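Since we're looking at a predicted model, the values are computed, not measured. To find a chain, count down the sequence lines: A is the first, B the second, and so on, and within it residues start at 1.
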Protein chains: 2
Amino acid sequence: MPNLTDYIEDYLKKLLALSSSQYIEIKRRELAGKFSCVPSQINYVLERRFPLERGYLVQSRRGGGGCIRIYRIETLRNGSWRDLIDSLDRLSFDLGRARQLVKRMVEDKIISRREAAILDQLLREDLYLLTSLNSEELRLLLRELFVNALQELLKIEY
Amino acid sequence: MPNLTDYIEDYLKKLLALSSSQYIEIKRRELAGKFSCVPSQINYVLERRFPLERGYLVQSRRGGGGCIRIYRIETLRNGSWRDLIDSLDRLSFDLGRARQLVKRMVEDKIISRREAAILDQLLREDLYLLTSLNSEELRLLLRELFVNALQELLKIEY
DNA sequence: AGTGTCAAAGGTCAGAGAAGGTCAAATAAT
DNA sequence: ATTATTTGACCTTCTCTGACCTTTGACACT
C-alpha cells in the first residue's frame, strides 16, 4: 500500500521521464496542493527519494518566482561516463569527440562550466604549435592529458 | 520560472555583451518603462545582479541628463591573482611554483579542489615522457598550457 | 557673475508578499 | 522497538512597490 511519499515520487519521476531536458521545475506550494499535503512534505520526498547518491541533483530558489529544480544525473551512477572516457582512450581519440564529450558532460552536470573551460583550453591545438611535435605525437599527448585530467576530476566529489 | 529581475538582468547582460566598449549606459526611467515597473526596481536589479564581487561597477549621475553606467570589470580578487599568473608567465616558470600557486588558490577559494585536480594533472611531467620534447620545450609548453588554462578559468564566474 | 527656482533625473528605505527551508512532535508501518 | 512518514509552527531569502529624499542642470532674475 503506497503512501503519499511514494505517489509524489512516482509523479516526479514520470515528469522527469517525459521531460525533454535534463531536469524538471516545480513549485513547492503547487505540488503540495496537488497532493493535498503540507509543503514541507515535498522537502521530505526530495530528501528521501532524490538524493545525490541515487543520481539526482536538487536546486532551489526562494522568494517571488522561486521554484525547485530536479536534475537527473543519469549516467553518474552506473559509471558509464568512465566507460565513455575509457573508450576515448582505447579507440581513436580525436579533438572533435573530446570537445563533444566536454560539452555533454556540462549539459549533464557531470562537470562545471569552469572545469570545462580548462579542459577546452587543454584541447587547443594552437598552444602546441611552439613545440616540435608531429601530429601523431600531438594526438597521443592530448589523449594522455585529456583522459588523465578527466579521470582524476571524476574521482573528486563536487 | 524567471521573474522580472531575471528579465532585466538578461536584458542588461545582453546589452553589455553586444556593446563594443567596456560599459553600457541606461536611463533608469526609460528602462523601468520598458519593463513596466517602478524605477527603483532597476536599482534592485543592479544591487542584486551587478555587484562588485561579480565583476560589475555601477556609476550614475542624477539630475537632468542623468544616467546609469554599468561597467564590466575584473574582480579585485581575480585581478591580483591574475597579476601573479602573469608574473609566472614572464618570469621563470617552473613546476614547483606552478603547483604552489594551485595550492594557494585552492586555499583562498579562488579555484575549487576539482579545478585544482585538473591543473595538477596538466603539470604531471611523466605524462609528457612519451613525446620527444626536450626539457626546455616541455617547460615552455607547460607554461603555455598552465597560464592559458588559468586565465580562461578566471574569466568565468562560479 | 551670482543667486534662486524648478524640473528632471537618480537614490533610499521600509513594508508587503511570495516563495522555499528547518525542525521537532505526532503518527503510522514494519 | 525502531524506522519512516506526515504535519505545522516558525524562519530565511528574494522580489516588488511606493513614498519620500538628493543631485544636477537650465534658466530667469538681479
Side-chain angles (χ1 to χ4, degrees), chain A residues 1-16 19 21 23-72 109 158, chain B residues 1-16 19 23-73 157-158:
Chain A
M1 184 197 306
N3 52 30
L4 225 198
T5 297
D6 293 329
Y7 284 129
I8 298 176
E9 177 189 6
D10 284 353
Y11 175 76
L12 290 175
K13 288 192 169 162
K14 262 177 203 140
L15 279 191
L16 261 173
S19 168
S21 56
Y23 63 88
I24 56 172
E25 260 182 18
I26 56 168
K27 297 277 198 182
R28 193 178 76 146
R29 256 209 143 71
E30 242 175 52
L31 189 58
K34 192 188 291 273
F35 287 93
S36 308
C37 62
V38 293
S40 58
Q41 176 75 26
I42 307 303
N43 296 86
Y44 178 74
V45 175
L46 293 175
E47 179 189 309
R48 296 305 297 247
R49 307 294 165 81
F50 295 83
L52 204 53
E53 309 88 81
R54 293 201 202 170
Y56 298 93
L57 177 62
V58 178
Q59 295 180 324
S60 65
R61 261 174 72 185
R62 301 185 183 191
C67 68
I68 298 176
R69 256 190 210 194
I70 307 170
Y71 289 87
R72 182 77 239 253
K109 291 237 174 296
Y158 255 122
Chain B
M1 198 83 54
N3 48 34
L4 224 200
T5 298
D6 292 329
Y7 286 129
I8 298 176
E9 177 190 8
D10 284 353
Y11 175 76
L12 292 175
K13 289 194 168 160
K14 260 178 205 138
L15 280 190
L16 259 174
S19 167
Y23 63 88
I24 56 172
E25 258 181 20
I26 56 168
K27 297 276 198 182
R28 193 177 76 146
R29 255 209 144 70
E30 239 175 56
L31 189 57
K34 190 189 291 276
F35 287 94
S36 308
C37 62
V38 294
S40 59
Q41 175 74 26
I42 306 304
N43 296 86
Y44 177 74
V45 175
L46 293 175
E47 179 188 310
R48 295 302 297 235
R49 306 293 167 82
F50 294 85
L52 212 50
E53 311 87 81
R54 292 202 204 170
Y56 297 93
L57 176 62
V58 178
Q59 292 182 325
S60 64
R61 233 183 44 234
R62 302 185 184 193
C67 68
I68 298 175
R69 260 192 206 188
I70 307 171
Y71 291 85
R72 183 77 240 249
I73 59 169
E157 294 174 36
Y158 257 121

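Phosphate contact (OP1/OP2 of D:dT15, side-chain N/O of A:Arg61, threshold under 4.0 Å): present. Residue B:Lys27 places no side-chain N or O under 4.0 Å from the OP1 or OP2 atom of C:dG10.
The distance from the CD1 atom of A:Ile70 to the CG atom of A:Leu12 is 4.5 Å, given to the nearest 0.5 Å. A distance of 11.0 Å separates CD1 of A:Ile68 from CZ of A:Phe50, quoted to the nearest 0.5 Å.
Taking A:Ser21 as the reference, A:Ser19, A:Tyr23 meet the side chain to side chain contact (heavy atoms under 4.5 Å, CB included) condition, with sequence neighbours excluded. Under the rule for a side chain to side chain contact (heavy atoms under 4.5 Å, CB included), B:Lys14 has no partner lying at least two apart in sequence or in another chain. Partners of B:Tyr7 under the side chain to side chain contact (heavy atoms under 4.5 Å, CB included) rule, at least two apart in sequence or in another chain, are B:Pro2, B:Phe35. Listed by chain and residue number, B:Glu9 satisfy the salt bridge (Lys or Arg N to Asp or Glu O under 4.0 Å) test with B:Lys13 (two or more places apart in sequence, or in another chain). Checked against side chain to side chain contact (heavy atoms under 4.5 Å, CB included), B:Thr5 has the following partners two or more places apart in sequence or in another chain: B:Asn3, B:Gln41, B:Tyr44, B:Val45, B:Arg49. Under the rule for a side-chain hydrogen bond (donor to acceptor under 3.5 Å, both in side chains), the partners of B:Arg28 that lie at least two apart in sequence or sit in another chain are B:Asn43.
In this structure, B:Arg69 places its CZ atom 14 Å from P of C:dG10, rounding to the nearest Å. The nearest whole Å value for the distance from the CG atom in A:Leu31 to the P atom in C:dG20 is 10 Å. When the P atom of C:dA7 is taken as reference, atom CZ of B:Arg29 falls 14 Å away, rounded to whole Å. Here C:dC23 presents its C1' atom at 11 Å from CD of A:Glu47, a figure rounded to the nearest Å. The CZ-P distance, from A:Arg28 to D:dT13, rounds to 15 Å in whole Å. Distance, A:Glu25 CD to C:dG20 P: 10 Å, rounded to whole Å. The nearest whole Å value for the distance from the CD1 atom in A:Ile70 to the P atom in C:dG20 is 12 Å.
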Taking protein heavy atoms under 4.0 Å as touching, what does nucleotides 2-12 of chain D look like 5' to 3' if B marks base contact, S marks sugar-phosphate-only contact and - marks none?
--SBBBB---B
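Here salt bridge (Lys or Arg N to Asp or Glu O under 4.0 Å) pairs that include residues 61-70 of chain B, with residues two or more places apart or in two chains, are B:Glu25-B:Arg69.
Residue B:Gly64 is the one, among B:Ile68 and B:Gly64, whose nearest nucleotide of DNA chain C lies closer to the 5' end (criterion: closest heavy atom).
Taking the screw axis at each terminus of the helix from C:dA1-D:dT30 to C:dT30-D:dA1 from five consecutive base pairs, the angle between the two is 10° to within rounding of 10 degrees.
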